[in-house]
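Every value quoted in this text rests on a predicted model; they were computed, and no experiment measured them. Excluded from the calculations below are hydrogen atoms, water molecules and symmetry mates; all remaining heavy atoms, backbone and side chain alike, are included.
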Amino acid sequence: MSLKAPWAFESREFLRTHTVGKEITFTSLHSLPSNDDVPRDLGNAEVGGVDLTSELLKHGWAKLKEIKREPTEEDLKKRELENEARTAGRGLWNPHGPQARAVHHTMPEDSQAFIAEWKGKPLDAIVEYVRDGTTLRVRLLMPDGEHQIVNIALAGVRSPRASTKQGEPSEPWGEEAKFFTESRLLQRPVRVIILSLPTSTATPFQSGSNIAAPQPASIFIGSVLHPAGNVAEFLVAAGLARVVDWHAGMLASNGGMERLRAAEKSAKERRACLYANLPAASAASKANGAVSSGHSKTFDATVVRVWSGDQLSVIEKDSGKEHRLQLSSTRGPKLSDPKQAYYAQEAREFLRKKLIGKHVKVTIDFVRPREGDFEERECATVHYGGQNANIAEQLIEKGLASIVRHKRDDEDRSSEYDKLIAAEQAAVTETRGIHSGKEIPAPKQPLNISETAARATQFLNGFKRSGKIPAVVDYVAAGSRFKIYLPKDNQTLTLVLAGIRAPRNARNASDKGEPYGIEAADYALRRCMQRDVEFEVDSVDKSGGFIGCLYINKENFALALVRDGLATVHGYSAEGLSWARQLNEAEVIWSDYDRESEKAEDTADASDSGALKTEYLDVIISDVRIKPAFGFSVQILNTEGIASLEKLMRDFSIHHQSSVAAPSGFVPKGGDLVSAKFSDGAWYRAKIRRVSPVKKEAEVTFIDYGNQDTVAFSNIRPLDPRFRSLPGQAHEARLSFVKLVGPESEYHQEAIDRFRQLCEGRKLVANIDKKEGSLLHLRLIDPENPATTSDPFACINADLLADGLALIDRKGCKYLASYSQVVKRLQDSVLAAKRDRLGIFEFGDVEEDD
């Protein structure tokens, strides 16, 4: 009988409540042809000694069939029970007819509205079908009397797939999982809590306009509660389902994920079913979703530097060892991506304000091994404050970072991974930060007002009138020299502490340095780096640095240096200072201090005065050329020009999508700015170098990327005036101090290849050591090279020397004498190449004479 017939549902419910889950005695009287390999029999059934047929007739939920034989005594008894039910108006004999109700057999049309109305609210239901261990079809008994049939995937778990067609194989343990759920839930009354739709959320930085409109759902995600508890937890504990990480956000509020993890841990320890072949190390997994990989360690530390929105450095309290940490399972926005740059800066600033100089508790979850250009890195969970807050969780919850999507068997993850998922779910729901869909322009590069003495002088009187000015220490160059950032004005400056002299520290392995030089620099780094400070200005030095006072927590930092014996009072410059007396009182004289070394250092400073002011720029090597001679081009990143170039190229592409014909009689000339088609089929801005009217082709330089090509006249157009205002973004460059071995050397090609490997297409840091017209002499620094954190002169220029693939260019670089410390470091690299017989030194010393 179909459930759509009158009284069919009530009749089935009577039989279901009397039989399902109870022991039954069945006597077969006749066998029928099988249906889908399921045997069918006619007979009598009893539950607890009570005949089910008689019970159905007695309560009016069945009718007797007409029989064509003489009735037996048993038939007469059943007829009497039927007449009794008819007379009493029971069951289907009720004269008022069945209760009217609507039954919706398909999923709700408006899935979003259904979720919004019933999310988190327990609903009575009956399980109608079990597809596999974690996928069910249930009949929701809605409060208004209607029935809604829905498909439910159990939240937080997934079991192996069970076969749904004849001959289709099941996944291992799929049939066992299905039977586990069927035997406990099929046609049982349950409580269903609908939690979510299975639709994936937009990825970070995805614009809201790009998100497709939601389609009607074919399944909901929810919890199914048996009187004995949540069936998902029992499935996992039996080893018949795995935990689904991405549902942690749905289950976090009521502790559901913690219970699933505990069940998973129990199953792994017992090696149950799915975990039968689990390695011993994995069987001891953490209850909260992270697994020890042999590197677990917890220690107290102090945060001394924030590198980015997901990396920081700490000093271990007990050992004093410095650790550079990656926040486990956390991915911060990238500063190099214009769409992410704003949030990258916000994330870094959030970490700085929360953690810099603070005591934290660090748990090393795992160590990420070296891979390609990425160094080995300790990945950790960091807690701080009286509430023991997880800083990664706070970052993600504010939409300033996203979580790393680990593979199912990747157990190298945060020890609080489920909390991070819940935090991201909250950020997505509230459309915070990177999940807002808003495109915020990248922050402008700060103006360096210490670039020249002339520029610095313009600001001097204003700073003097302002008194103490709030700022942030952006970089510690030495014990008494700092790079200061003014957030309000988006400016940077160099500040030199007035009235004192801190000892110099060794700049490379061969430099001896002064006593306490390293200690002074470390002291300043740990006390000042990235701290909120105040400063006062007294004067400007000849290189554009401001001379003045730095206040940390209202304390004059120069006094602290002198008091701790890490600086001496410079008598001449201290005379006019209001705090000169305090400096003299705090001074500690070193017993082995050598005045002659001070004079020698001052002389060295004077000889270095011809060097350009140090200023690090983010660049990318956009082109490498070997003809007519080795050279390369760079783009300077994080500038208004690069941001404008991206917009220009979009408009430029649209402009050339339509057929732009060359004017009649157009012949390009040397020096003309034109549009030229590159070998990739796209049009770019270019400058004519020389033309060949006979061949009807021209040699051009693409002014935004630096590469050169020979282009036919047919692929050249006059440059539209609206694309002329932006200067070319490619800058011609060469390596400072060194030159690659020439074409006459058998190592020339190896040198070119090595340079390409180290530089081409990569984001690097560059310092301009010399400007020769439009040609930039660059010292290139790889920010991924850990040596740069301890060696201020570590650079790719030196690396090429150390590989024996370059020489110091004493003829082409007339400014070598102005960079004595750099040259000393480069000479050490040449000596290392000679010692190890690398490159051109393979068969001896072939270096050219000075």
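For Arg131 and Tyr129, the positive end is not near the middle of the six-membered ring at less than 6.0 Å and at most 45° from its axis.
Looking only at side-chain heavy atoms (C-beta outward), Gln187 and Val127 stay at 4.5 Å or farther from each other. A 4.5 Å side-chain heavy-atom check between Tyr417 and His406 finds at least one atom pair inside the cut-off. A 4.5 Å side-chain heavy-atom check between Ile434 and Gln340 finds every atom pair outside the cut-off. Residues Val231 and Val190 form no side-chain contact, since every pair of their non-hydrogen atoms from C-beta on lies 4.5 Å or further apart. Annotation: side chain of Ser11 is not in contact with side chain of Leu92 (no heavy-atom distance under 4.5 Å). Side-chain contact between Asn230 and Arg259: absent, with no pair of heavy atoms (C-beta onward) separated by less than 4.5 Å. Contact annotation: the side chain of Met257 never approaches that of Ile421 to less than 4.5 Å [non-hydrogen atoms, C-beta and beyond].
When the options Leu420, Leu327, Ile391 are evaluated for a side chain to side chain contact (heavy atoms under 4.5 Å, CB included) with Ile396, the one that passes is Leu420. Considering Arg331, Glu378, Arg377 as possible partners of Gln326, the one that fulfils the side chain to side chain contact (heavy atoms under 4.5 Å, CB included) test is Arg377.
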Margin query: Leu260 vs Glu233, test: side-chain contact (heavy atoms from CB on, under 4.5 Å). Steps then yes/no.
Written below: CA-CA 5 Å; Leu260 287 177; Glu233 296 170 17; 3.7 Å; yes
Next item on the list: Determine, step by step, whether Lys358 and Val303 satisfy the side-chain contact (heavy atoms from CB on, under 4.5 Å) criterion, reporting the C-alpha distance in whole Å, the side-chain angles of both residues, the deciding distance to 0.1 Å, and the verdict.
Entry: CA-CA 6 Å; Lys358 302 287 177 40; Val303 178; 5.5 Å; no
Item checked: Audit row: Asn44, Thr27, side chain to side chain donor-acceptor pair (under 3.5 Å) steps and yes/no -> CA-CA 5 Å; Asn44 297 323; Thr27 304; 5.9 Å; no
Margin query: Between His247 and Ile221, is the side-chain contact (heavy atoms from CB on, under 4.5 Å) condition met? List the steps.
Written below: CA-CA 9 Å; His247 293 177; Ile221 298 172; 3.7 Å; yes
Next item on the list: Please report the C-alpha distance between Thr381 and Asp365 in whole Å, then the side-chain angles of each, then the deciding distance to 0.1 Å, and finally whether the side chain to side chain donor-acceptor pair (under 3.5 Å) criterion is met.
Entry: CA-CA 7 Å; Thr381 298; Asp365 296 314; 2.7 Å; yes
Checklist line | Verdict with supporting geometry, Ser328 and Ser414, side chain to side chain donor-acceptor pair (under 3.5 Å) | finding: CA-CA 5 Å; Ser328 297; Ser414 169; 5.2 Å; no
Next item on the list: Kindly indicate, with the supporting measurements, whether the criterion side-chain contact (heavy atoms from CB on, under 4.5 Å) is fulfilled by Thr164 and Asp132.
Entry: CA-CA 9 Å; Thr164 56; Asp132 57 45; over 6 Å; no
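Going from atom OG1 of Thr330 over to atom CG of Leu400 covers 12.0 Å, rounded to the nearest 0.5 Å.
The residues Arg139 and Asp124 are annotated as not salt-bridged, no charged nitrogen and carboxylate oxygen being separated by less than 4.0 angstrom. A salt bridge links Glu82 with Arg79: the closest approach of a Lys/Arg side-chain nitrogen to an acidic carboxylate oxygen falls below 4.0 angstrom. Under the 4.0 Å criterion applied to side-chain N and carboxylate O atoms, Glu349 and Lys398 are not assigned as salt-bridge partners. For the pair Arg261 and Glu258, the salt-bridge criterion is not met [side-chain N within less than 4.0 Å of a carboxylate O].
Considering every non-hydrogen atom in both Ile152 and Ile194, the closest pair reads CD1-CG1, 4.2 Å. Here the shortest heavy-atom pairing between Phe220 and Ser111 reads CE2-CB, 4.2 Å. Nearest heavy-atom pair, Trp246 versus Val404, reported as atom, atom and distance to 0.1 Å: CH2-O, 4.2 Å. Across all their heavy atoms, Ser223 and Leu195 have their closest contact at OG-CD1, 3.8 Å.
Ring geometry for Phe9 against His147 counts as perpendicular: the plane angle is over 60°, on a 0 to 90° scale with 30° as the lower cut.
In this structure a side-chain-to-backbone donor-acceptor pair under 3.5 Å is missing from Arg271 to Glu269. Under a 3.5 Å cut-off, the side chain of His59 and the backbone N or O of Trp61 do not form any donor-acceptor pair. For the pair Thr181 (side chain) and Gly133 (backbone), a donor-acceptor distance under 3.5 Å is present.
Taking the side chain to side chain donor-acceptor pair (under 3.5 Å) definition, one finds that Tyr384 meets it with Gln394, sequence neighbours left out.
Under the 3.5 Å distance criterion, with hydrogens and angles disregarded, no donor-acceptor pair is assigned to the side chains of Glu393 and Asn390. For the 3.5 Å distance criterion, the side chains of Ser170 and Glu175 qualify, holding a donor opposite an acceptor.
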